[in-house]
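Working notes, beginning with the structure itself.
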Amino acid sequence: MAIRKILTYPEKSLLQPSIKVDTIDEDIKKLIIDMGETMFDAPGVGLASPQVGVNKRVIVYDSNAANPDKDDSIQEFTALINPEIIDSSGSIISEKEGCLSVVDYTSDVKRYENVTIKALDIEGKHIEFEAQGILAIIMQHEIDHLDGILFIERISVLKRTMYKKKIAKMQDNH
Ligand code: NI
């Protein structure tokens with residue numbers, strides 16, 4: 001087990017689409033375990049493989065993220081391989097959405113309220129489930145990462161431009 005470095009915008013791997021996982025081999029299993037550990041260490045409620053520089057379609061999330069009575073000492077995560085949104089409905093505002101790869105920035109983001117997810121679990125078993133509310137937001141945010149999309153691509157052009165300028169300026173000052 002190891003904590004991996006979380007990359008931040010505008011790192012290249014965050015902005016490119018990830019490829020499907022063909023075989024759940026030892027490397028993928030190790031990646032998943034490391035991602036779970038890295039996510040809880042950050043701490044965050046979800047993490048996608050491009051955030052640790054691996055462009056393969058794997059996400060992890062805090063299994064208890066949607067539980068309002070969640071006990072922070074319990075660290076259980078779920079991994080999804082090749083996750084896809086196969087159905088969506090409703091609309092919800094994700095308040096102050098943030099990302100471990102987008103430093104010092106949060107924004108409200110419009111998301112679907114319900115999504116149906118199809119994926120493989122860590123054993124390679126096909127699974128399908130419905131996610132609502134917070135879990136639906138996490139699914140959309142993390143699956144976006146696998147397509148090279150950060151949440152700042154889903155806010156207004158004005159807000160996005162301001163954020164990108166701020167980052168460019170910070171980098172110039174280094
Ligand atoms: Ni993120």
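We count ligands from 1, going down the list as the structure has it; atoms in each ligand are counted the same way.
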So the salt bridge (Lys or Arg N to Asp or Glu O under 4.0 Å) pairs with at least one residue in residues 117-130 (sequence neighbours excluded) are none

Checking side-chain contact (heavy atoms from CB on, under 4.5 Å) against H145, which of S49, C99, S18 comes through?
C99

Hey, is NZ on K12 packed in by over 12 heavy atoms from elsewhere, all under 6.0 Å?
no

Do you see a donor-acceptor pair shorter than 3.5 Å between the side chains of S101 and T8?
no

Return the number of protein N, O or S atoms with a distance to the Ni ion (ligand 1) smaller than 2.8 Å.
3

Sequence neighbours left out, what pairs pass ring-ring contact (aromatic ring centres under 6.0 Å, His included) with at least one residue falling in residues 76-127?
Y105-Y163

Can you name the residues that form a ring pair (Phe, Tyr, Trp, His ring centres under 6.0 Å) with F40, not counting sequence neighbours?
none

